[in-house]
> 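Please read through the structure below; I'll follow up with questions.
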Amino acid sequence: MKKIWIIHILIWGGLLGGTSSCLTHYQLNSQFYKSFENGNFAQAQKSLESDKKGPTSKSKLIYHLNQGLVHQMLGQYDRSNQFFEQAYILGEDYQKNYLNEILAYFVNPLVVDYRGEDFELLMIHYYKALNFLSLGDKEKALVECRRMNIKLQAMSDKYSSENRYKRDAFIHTLMGLVYDANKDYNNAFIAYRNAVEIYQNDYKKLFNIDVPDQLKHDLLRTAYLMGFREELQLYEREFGMTYQKDTPNNGVLVFLWHNGFGPIKTEWSINFTINRFDSRVVFVNDQFGLNFPFPLEVQKDKDGKKIDPLGGLSVIRVAFPKYMERPPYFRTAELSAPGITKTLELAEDLNAIAQKTLQERMVLELSKALLRLAIKKGEEALLRKEDKEGLASLLSIINAATEQADTRAWQAIPHSIYYTRMSLPAGASKVTLHTKAPGGVRDFDFNFNIEGGETVFHNFHSLEIDPSFRDYSYNHY
């Protein structure tokens with residue numbers, strides 16, 4: 001009786017899962033992504049509003065993240081924060097639905113709520129902090145910094161491996177910049193120092209990102225302002241720099257450049273050969289040096305002959321998610337004002353972080369996928385054992401139709417983030433962003449009115465990606 005119920009769950013779960021499209025998340029939401037990538041944020045927002053199932057779907061976290069981002073791009077910062085706060089709550093309150101977790105092994109991982117990657121959940125607080133800074137509320141921006149710090153500590157506690165993404169240098173840099181703007185130079189110094197250490201020990205090794213020179217200057221400056229003479233001299237020697245005082249009574253512009261878009265999450269397939277032993281099978285892929293053993297239940301038909309639970313298969317194909325980079329069109333940028341030019345420096349490579357986090361759990365994801373396929377094939381064999389060839393054939397079709405990798409991801413975030421800190425005279429200033437690509441330079445002008453001693457934050461998103469890839473993504477995803 002127990003086996004019959006398992007079969008019923010499998011069949012009806014398969015039928016339920018089979019009603020969902022085999023398209024990727026990007027394809028299913030192409031109207032929103034195309035509008036957003038083309039800078040038509042009002043249309044992108046309408047696309048989200050037309051998705052009546054979005055707020056309650058298994059992908060509701062991504063729905064709220066996209067709503068938060070598109071409202072920020074429209075300058076609706078309060079509304080943006082409402083959606084980001086809801087996304088934060090969804091991330092914090094994520095509870096495993098164990099029935100869905102079990103059903104995921106019979107159907108596919110899309111029956112489970114999307115919980116978000118660590119870096120995606122950190123970006124919630126980054127964007128909320130930017131919203132509060134745009135609203136002139138530095139105190140609430142500091143609250144988001146403290147939330148980021150709590151999340152970073154939890155990440156560090158969760159992972160033991162040194163060779164993985166578990167600390168975020170850019171988020172510590174941002175915390176330092178916000179503390180700095182609030183003239184809390186002690187906490188700014190600590191945040192900058194933490195950021196330098198993570199760039200040196202983690203980011204250089206994992207993502208080939210060095211400590212930005214701007215960060216070095218800010219660490220020296222806050223050490224000086226706090227009277228930390230020994231630390232100032234230590235870092236001057238380490239960086240090969242000498243601290244230069246800012247011009248008195250100037251204001252400060254912190255400019256954050258969001259370049260391009262993060263990777264598209266799609267799927268690929270890996271072939272495994274099946275090696276059979278008395279009580280187990282081993283799935284082997286020599287190309288990647290992978291092998292996964294699973295126990296094998298010995299079954300017999302009514303005549304006492306052994307039934308192969310894998311239906312005589314010698315090779316099995318497994319769907320697995322992968323990220324495809326969308327190369328940005330612009331490669332570098334500078335920020336200029338009368339008498340000064342600053343290079344915008346790479347501080348965060350979200351494309352590389354996404355690739356790294358998926359790579360880190362590749363073995364776990366493959367193991368789950370293989371177990372799911374083994375269960376499906378085992379249930380097909382069980383039906384055949386009970387002389388239910390018709391049901392077995394139907395189930396085989398359903399299993400094939402519902403086998404799908406989880407391609408959900410927050411795909412509207414930038415490819416990478418650059419920044420600089422520019423000292424400007426009090427009053428009105430015209431600042432120009434020079435974005436540079438192989439085909440030339442594109443300039444964008446901005447006007448700021450900054451009081452002496454004030455810090456103003458501004459972020460700008462270059463939506464351009466490599467033209468050849470844009471055409472490819474629209475035609476294929």
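Keep in mind that this is a model prediction, so the values were computed, not measured. Hydrogens, waters and symmetry mates are skipped; everything else that's a heavy atom, side chains included, is used.
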> Closest heavy-atom contact between L61 and A87?
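Distance-wise, the nearest heavy atoms are CD1-O, 3.5 Å.
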> Atom OH of Y127 and atom CG of L69: how far apart are they, to the nearest 0.5 Å?
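The CG atom of L69 is 5.0 Å from OH of Y127, to the nearest 0.5 Å.
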> For K204, look at atom NZ and say whether over 12 heavy atoms of other residues, nucleotides or ligands are found less than 6.0 Å away.
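Atom NZ in K204 is crowded, with more than 12 foreign heavy atoms closer than 6.0 Å.
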> Does a sphere of radius 6.0 Å around NZ in K205 hold more than 12 heavy atoms from other residues, nucleotides or ligands, not counting ones at 6.0 Å or beyond?
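Check passes, neighbour count above 12.
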> Applying side chain to side chain contact (heavy atoms under 4.5 Å, CB included) to H172 and R193, what does each step give before you reach the verdict?
CA-CA 9 Å; H172 281 284; R193 183 181 62 189; over 6 Å; no
> I need the I62 CD1 to R408 CZ distance, nearest 0.5 Å.
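Between I62 CD1 and R408 CZ, I get 6.5 Å after rounding to 0.5 Å.
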> Rounded to the nearest 0.5 Å, what separates atom CG in N351 from atom CD1 in I264?
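Separation between the atoms: 11.0 Å.
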> Contact between T420 and T343 at the side-chain level, heavy atoms closer than 4.5 Å - yes or no?
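Heavy-atom side-chain distance check fails, nothing below 4.5 Å.
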> So do Q45 and Q76 actually touch side chain to side chain, heavy atoms under 4.5 Å?
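No, too far: nothing below the 4.5 Å cut-off.
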> Do you see a donor-acceptor pair shorter than 3.5 Å between the side chains of Y114 and E120?
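Distance-only check passes for Y114 and E120.
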> Charged N to carboxylate O under 4.0 angstrom, R147 versus E92?
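Looking at R147 and E92, the cut-off is not met.
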> Consider ring pair (Phe, Tyr, Trp, His ring centres under 6.0 Å). Of Y418, F261, F330, which one does H461 pass it with?
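Testing each of Y418, F261, F330 against H461, the sole residue satisfying ring pair (Phe, Tyr, Trp, His ring centres under 6.0 Å) is F261.
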> Just do the side chain to side chain contact (heavy atoms under 4.5 Å, CB included) check on Y33 and H25 with the steps written out, would you?
CA-CA 10 Å; Y33 285 116; H25 171 80; 3.1 Å; yes
> Just wondering, more than 12 heavy atoms not from K140 lying within 6.0 Å of its NZ?
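No, the 6.0 Å shell around NZ holds no more than 12 heavy atoms from other groups.
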> To the nearest 0.5 angstrom, please state how far the OG1 atom of T432 sits from the CG atom of L335.
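With rounding to 0.5 Å, OG1 (T432) is 8.0 Å from CG (L335).
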> Considering all heavy atoms of both residues, which atom of L90 and which atom of H64 are nearest to each other, and what is their separation?
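Nearest pair, atom of L90 first, then H64: CD1-ND1, 3.7 Å.
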> So Q72 and N459, side chain to side chain contact (heavy atoms under 4.5 Å, CB included) or not? Walk me through it.
CA-CA 11 Å; Q72 184 190 83; N459 61 290; 3.8 Å; yes
> With respect to H125, which candidate in Y88, F119, F170 satisfies the ring pair (Phe, Tyr, Trp, His ring centres under 6.0 Å) definition?
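Going through Y88, F119, F170 one by one, the ring pair (Phe, Tyr, Trp, His ring centres under 6.0 Å) with H125 is satisfied by Y88 alone.
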> Between K436 and T332, is there a side-chain heavy-atom distance shorter than 4.5 Å?
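Heavy-atom side-chain distance check passes, below 4.5 Å.
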> Atom OG1 in T173, atom CG in D218: separation rounded to 0.5 Å?
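Going from the OG1 atom of T173 to the CG atom of D218 covers 9.0 Å.
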> F255 pairs by side chain to side chain contact (heavy atoms under 4.5 Å, CB included) with which of Y419, F446, F457?
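Exactly one option meets the side chain to side chain contact (heavy atoms under 4.5 Å, CB included) with F255, and it is F446.
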> Under 4.5 Å between any side-chain heavy atoms of P425 and N250, yes or no?
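In contact.
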> Do other residues, nucleotides or ligands put more than 12 heavy atoms under 6.0 Å from E197 CD?
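Enclosed.
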